[in-house]
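Report on the structure given below.
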Amino acid sequence: MILADFGARVIRVDRTKVAMTVDTQARGKQSVALNLKSPKAVAVLKRLCVQSDVVLEPYRKGVMEKMGLGPEDLLKENPRLIYARLTGYGQSGSYARAAGHDINYLALSGLLSMLGRSSEKPYAPLNLVADFAGGGLMCAFGIVLALLERSRSGQGQIIDASMVEGAAYVGSFMWKSRSLGLWNRPRGENMLDSGAPFYDTYRTSDGKYVAVGAIEPQFYEELVQGLGLDDADLPSQMSVSDWPQLRQTFTRVFATKTQAEWGRIFDGTDACVTPVLSLDEVLSHPHNQARGSFFKDSQGEISPRPAPVLSRSPAEACRSRDPFIGEHTRAVLKEYRFEEAQIEQLLSAGIIECNEAKARL
C-alpha cells in the first residue's frame, strides 16, 4: 500500500475461486487471479515476475522454490529484479519454517517483555510493531533502498525482511538507552512505559481520556498549573517513590472535568496534554483538519493521509474502492504481452480468473 500510495504500480496475485480477500490495505493495487496449482499458472506468474521491477513474496521459506519461482530462478532471467521476502522469522535460523504471528515475533525480538503495566503480564500493542512497523514498513524501506542501489549498479538483489529483526531494529532505542537508566526498573515502572504519572493517560469526567507527556521540567510546570495544583504541595517530579501518590492526585483532578474542558485549558500551552481521539474523531480535530491528515475514500471510510509529505512528489492515495479478485487479470496480461487468444485459453482452462463484468456492476 505504501509503495502504491507513492506511485508504484502494484499487482496483487490472488487465488482463483475465492469470493473475497482479507487484504484491507488494497488501495491502488490491481488484482490478477491465478490457480497456482496448475504449472501453466506458475508459468504465467513467472512471466509477470521477470518483467517486473520488484517481486514481493510473503510465504514461509521454500514455498516459492518449490514452484520454480525462487530468487535464483528469477534473477537468472532478470538480473535487475528486486526480490523481497517478507516473513516472520527470516530465511535462515531454526524458526525459518515455523508459523507465527505478530505477538510471537514481538516476543522473540525482546520488545514484548517491556510492554505492559506494572505487576501485569506483557501485552502486545495491537499487531502494529512486528506486522506493520518491523514487517511491512521496513520491507518497503528495503525495497526503496534496493531500487536506489540498482540505479547505480544496475543489479537487483534479494531482501530478507524478518519481522523479528525489523521490530527489534525499530526498537533500537530500547537497547541504546539502557545505559541512561531509562529501563532499570521492572516493566511498567519506568518513565516511558506508564510508570511515570506525568507520562500516562487519564480518564475525564465524561468517560473519555487525555494523554499526558510532560517530561521536561518546564512542561511539567505548565501541567501542574493547568491542573490548578500548587507545586509546593506536590512531591518532586522525579521522586520515583512518590509516583504512586502523584498519580492518585492527577487521576482525581483529571476526573473533575470533561475531555473538552481540559482541551480548552491546555490547548495553546506546552503542558503536553492532548485528547485521546477515537478513529472516528480524528477527522474533525482542528489540527488534523488544517493539515488534511485524514481523508474519506469513496466508501466514506476514514484513512490516514500517506506520510511523510513530499514537497514535489507527494503521495496520492487511491480513493476508489479496493479491487475485486481478478478484476485486472485480462488488462495486466495484455500489458505483459499475452495475446487475446492465450488469455481466453487460460481462462477456459481455469488457470486464470477474470472478473471485469462483476467489477462494472
Side-chain angles (χ1 to χ4, degrees), residues 1-4 8-16 18 21-26 28-93 95-102 104-105 127 130-147 149-150 155-167 323 325-326 328-329 332-333 336 351-352:
M1 185 193 74
I2 294 169
L3 297 172
R9 282 278 314 285
V10 179
I11 300 168
R12 187 186 69 206
V13 178
D14 289 309
R15 294 177 176 143
T16 58
V18 177
T21 176
V22 294
D23 180 12
T24 60
Q25 316 290 301
K29 301 179 187 177
Q30 293 180 304
S31 170
V32 170
L34 301 176
N35 178 11
L36 292 178
K37 294 180 179 179
S38 165
K40 290 185 178 179
V42 174
V44 171
L45 179 54
K46 186 174 184 179
R47 189 165 161 181
L48 299 182
C49 289
V50 297
Q51 294 183 57
S52 297
D53 291 299
V54 179
V55 170
L56 171 58
E57 64 101 355
Y59 297 121
R60 278 187 265 173
K61 180 180 173 64
V63 174
M64 291 290 276
E65 281 81 356
K66 288 180 180 178
M67 293 190 289
L69 298 174
E72 291 185 4
D73 297 303
L74 298 186
L75 281 164
K76 283 180 184 177
E77 298 194 36
N78 180 4
R80 290 175 55 83
L81 182 66
I82 308 299
Y83 197 109
R85 318 197 78 169
L86 177 55
T87 62
Y89 297 111
Q91 298 298 311
S92 59
Y95 280 20
R97 298 180 187 273
H101 284 291
D102 178 281
N104 307 116
Y105 313 141
N127 65 324
D131 278 354
F132 293 106
L137 183 59
M138 293 305 295
C139 187
F141 179 55
I143 289 170
V144 171
L145 292 178
L147 288 169
E149 195 281 336
R150 189 182 74 175
Q155 297 295 305
Q157 59 181 304
I158 304 164
I159 298 168
D160 180 0
S162 156
M163 295 185 191
V164 173
E165 294 163 1
I325 291 177
H328 306 97
T329 303
V332 168
L333 293 188
Y336 280 75
I351 295 167
I352 65 173

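Just so it is clear, the structure is predicted and the values come from calculations on it, not from any experiment.
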Residue pair Leu137, Phe132: steps toward the side-chain contact (heavy atoms from CB on, under 4.5 Å) verdict: CA-CA 6 Å; Leu137 183 59; Phe132 293 106; over 6 Å; no
Steps toward side-chain contact (heavy atoms from CB on, under 4.5 Å) verdict (Val55, Val50): CA-CA 9 Å; Val55 170; Val50 297; over 6 Å; no
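Taking CZ from Arg15 and NZ from Lys37, the interatomic distance works out to 8.0 Å, rounded to the nearest 0.5 Å. For the atom pair CG (Leu45) and OG (Ser38), the distance works out to 11.5 Å, reported to the nearest 0.5 Å. Atom OH of Tyr83 is separated from atom CG of Asp73 by 8.5 Å, given to the nearest 0.5 angstrom. In this structure, CG in Leu69 is found 7.0 Å from NZ in Lys46, a value given to the nearest 0.5 Å. The CE atom of Met163 sits 9.5 Å away from atom CG of Asn127, with the distance rounded to the nearest 0.5 Å. Here the CG-CD distance, from Leu147 to Gln157, works out to 9.5 Å after rounding to the nearest 0.5 Å.
With Asn78 contributing its side chain and Ser52 its backbone, the two residues share a donor-acceptor pair below 3.5 Å. Under a 3.5 Å cut-off, the side chain of His328 and the backbone N or O of Val32 do not form any donor-acceptor pair. Asp102 places a side-chain N or O within donor-acceptor distance of the main-chain N or O of Ala130, the cut-off being under 3.5 Å. Using a distance-only test at 3.5 Å, with no hydrogens or angles considered, a donor-acceptor pair links the side chain of Arg60 to the main chain of Arg97. Distance alone, capped at 3.5 Å, places no donor-acceptor pair between the Arg80 side chain and the Arg150 backbone. Counting only distance, with no hydrogens or angles, the side chain of Tyr336 and the backbone of Arg47 share no donor-acceptor pair below 3.5 Å.
Between Ile325 and the choices Thr16, Asp23, Asp14, the side-chain contact (heavy atoms from CB on, under 4.5 Å) rule is met once, by Asp14.
Nearest heavy-atom pair, Lys29 versus Met1, reported as atom, atom and distance to 0.1 Å: CE-N, 4.0 Å. When all heavy atoms of Ala84 and Cys139 are compared, the closest pair comes out as CB-SG, 4.0 Å. In terms of heavy-atom proximity, Leu34 sits nearest to Ala41 at CD1-O, 4.0 Å. For the pair Val42 and Met67, the tightest heavy-atom approach, listed with the atom from each and the gap, is CG1-O, 3.2 Å. Gly326 approaches Ser31 most closely through the heavy-atom pair N-OG, 2.7 Å. Residues Tyr89 and Tyr95 share a closest heavy-atom pair of CD1-O, 3.2 Å.
No side-chain heavy atom of Glu57 sits less than 4.5 Å from a side-chain heavy atom of Val63. Two residues are said to be in side-chain contact when any heavy atoms from C-beta on lie closer than 4.5 Å; Ile159 and Leu56 fail this criterion.
Taking Leu75 as the reference, Pro71, Leu81, Ile158 meet the side chain to side chain contact (heavy atoms under 4.5 Å, CB included) condition, with sequence neighbours excluded.
Using modelled atom types and a 3.5 Å distance limit, the side chains of Arg9 and Gln30 yield a donor-acceptor pair.
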